[in-house]
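The structure appears right after this line, and notes come after that.
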There are 2 protein chains.
Amino acid sequence: MSSSAQKYDVFQAIADPTRREVLKLLAHNELPISEITSHFPMSRTAIAKHLHILSEANLVSGQKVGREKRYRLQPETFQELKDWLSYYEQFWNNKLSMLKYVVESDNGDS
Amino acid sequence: MSSSAQKYDVFQAIADPTRREVLKLLAHNELPISEITSHFPMSRTAIAKHLHILSEANLVSGQKVGREKRYRLQPETFQELKDWLSYYEQFWNNKLSMLKYVVESDNGDS
DNA sequence: TTGACATAACACCAAATGGTTTCATATAAT
DNA sequence: ATTATATGAAACCATTTGGTGTTATGTCAA
């Protein structure tokens, strides 16, 4: 389960605006490639590539249903991002409280 | 104030592993470019470019101090990411809420 | 079985990305 | 004033990225 020599990680996957749009599309509905493609001004092949990248980053997964392949969100993976973010959260919280402190206690470089 | 035709947004900025390392380095200390560079196996110019990109995304800011330019984290910008993430949070945090959402917005094909 | 539909797999291409080296400019220190 | 330090900026390059079109394969319906 840990043998993934992934080419694309979550950070790269969400870097592209089109892929973020795809994620938004899949937020509620499971959709086949053609359906997804119909929302974008580009070829089905292009969207298929984006889906492949999202899939490699485990942000979506595809299930074959008949001749379709339905893609759905894999929201657990967003946790990875959240964890990364939470490390920095302390710093902006700190900064805000520090700003508060500065404003309240001292207003300059006397 | 909203005239920024940014070339790099937050998502692109954090897509690169080196840039994420830079952010980590700057988490606690304000540092000049040379100092930062000393932590990486690449040229100062390369790091300068990364800093420029991080700066354009408002993840860091640089202050000139003498002949140095000190870069520091600008943690407020991470909020943008957090907001984006929070949209998807409902889908993984609590399966009940997802179920609830699906049931309520029922657009099923039955 | 034949035809239409949905996707997969290539090969190809222009532009962006991430790095390099070299040269120029500003500040500090002697 | 000269030299060393810190950064900025430009030209260049290989690889990756994001798109294209074409062809092949699998599945559903007549």
Side-chain angles (χ1 to χ4, degrees), chain A residues 4-26 29-74, chain B residues 4-26 29-74 109-110:
Chain A
S4 47
Q6 292 182 310
K7 187 173 179 189
Y8 291 94
D9 64 8
V10 180
F11 295 95
Q12 270 182 285
I14 66 167
D16 184 87
T18 300
R19 287 196 288 270
R20 290 199 300 277
E21 276 299 309
V22 170
L23 289 176
K24 211 181 273 183
L25 266 180
L26 294 177
N29 305 313
E30 188 169 287
L31 294 175
I33 298 191
S34 308
E35 241 308 287
I36 300 173
T37 302
S38 73
H39 292 78
F40 295 90
M42 65 185 70
S43 72
R44 188 194 53 74
T45 309
I47 296 297
K49 282 189 184 177
H50 282 308
L51 284 168
H52 187 255
I53 289 170
L54 288 169
S55 181
E56 210 172 340
N58 293 312
L59 285 168
V60 306
S61 63
Q63 297 80 34
K64 243 176 71 181
V65 176
R67 60 183 163 181
E68 286 186 342
K69 187 163 182 184
R70 305 233 179 102
Y71 282 89
R72 75 163 60 132
L73 210 62
Q74 217 162 4
Chain B
S4 47
Q6 292 181 309
K7 186 173 182 190
Y8 291 94
D9 62 10
V10 179
F11 295 96
Q12 271 182 284
I14 65 166
D16 184 87
T18 300
R19 287 196 288 271
R20 290 199 300 277
E21 276 299 309
V22 170
L23 289 176
K24 213 182 270 183
L25 265 180
L26 293 177
N29 306 313
E30 187 169 288
L31 293 175
I33 299 191
S34 308
E35 241 307 288
I36 300 172
T37 302
S38 73
H39 292 78
F40 295 89
M42 67 186 70
S43 71
R44 185 193 51 78
T45 310
I47 296 296
K49 283 188 183 177
H50 283 307
L51 284 168
H52 186 254
I53 289 170
L54 288 169
S55 181
E56 210 173 338
N58 293 312
L59 285 167
V60 306
S61 64
Q63 298 81 36
K64 240 176 72 182
V65 176
R67 61 183 163 182
E68 286 187 341
K69 186 162 182 185
R70 304 232 180 103
Y71 281 89
R72 75 164 59 133
L73 210 64
Q74 218 163 4
D109 45 23
S110 65

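Since the structure is predicted, the reported quantities are computational estimates derived from the model, not experimental observations. Per chain, numbering begins at 1; letters A, B, ... match sequence-line order.
- Protein chain B touches strand DNA chain C; the 5'-most and 3'-most nucleotides with an atom under 4.0 angstrom of its non-hydrogen atoms are C:dT17 to C:dA28.
- A:Arg70 places no side-chain N or O within 3.5 Å of a backbone atom of A:Ser61 that could act as its donor or acceptor partner.
- Nearer the 5' end of DNA chain C, as judged by each residue's closest nucleotide, is the contact made by B:Pro41, out of B:Lys64 and B:Pro41.
- Of the two residues contacting DNA chain D, namely B:Ile33 and A:Thr45, the nearest-nucleotide position lying further toward the 5' end is that of B:Ile33.
- Here the side chains of A:Val60 and A:Arg72 are not in contact, with every heavy-atom distance at 4.5 Å or above.
- Atom CD in B:Gln63 sits about 18 Å away from atom P in D:dA6, given to the nearest Å.
- Scanning both residues, A:Met42 and A:Thr18, for their nearest heavy atoms gives CE-OG1, 3.7 Å.
- Nucleotide D:dT7 holds its P atom 16 Å from the NE2 atom of B:His50, rounded to whole Å.
- When distances are taken from the side chain of A:Lys7 to each of D:dT17, D:dA9, D:dG26, the shortest belongs to D:dT17.
- Residue A:Leu73 comes nearest to A:Leu26 through the heavy atom pair CB-O, 3.8 Å, listed as atom of the first residue, atom of the second, then distance.
- Put simply, A:Lys69 has no side-chain N or O that comes within less than 4.0 Å of OP1 or OP2 on D:dG26.
- Projected onto DNA chain D by closest heavy-atom contact, B:Arg44 and A:Tyr8 fall at different nucleotides, the more 5' of which corresponds to B:Arg44.
- Taking atom NZ of residue A:Lys49 and atom P of nucleotide D:dG21, one finds them 12 Å apart after rounding to whole Å.
- Side-chain contact between A:Asn58 and A:Val10: absent, with no pair of heavy atoms (C-beta onward) separated by less than 4.5 Å.
- Side-chain contact check for A:Glu56 versus A:Lys7: some heavy-atom pair is nearer than 4.5 Å.
- Within residues 11-24 of chain B, no residue places a heavy atom under 4.0 Å from DNA chain D.
- Here D:dT20 presents its C1' atom at 18 Å from CZ of A:Phe40, a figure rounded to the nearest Å.
- For the pair A:Ile53 CD1 and D:dG19 C1', the interatomic distance rounds to 11 Å; values are reported in whole Å.
- When the P atom of D:dA6 is taken as reference, atom CD1 of B:Ile47 falls 16 Å away, rounded to whole Å.
- Every residue was checked against the side-chain contact (heavy atoms from CB on, under 4.5 Å) condition with B:Arg67, not counting sequence neighbours, and none meets it.
- Remark: the A:Glu35 side chain and the A:Thr37 side chain contain no N/O donor-acceptor pair separated by less than 3.5 Å.
- Ion pairing between B:Arg20 and A:Asp9 holds under the 4.0 Å rule for side-chain N and carboxylate O.
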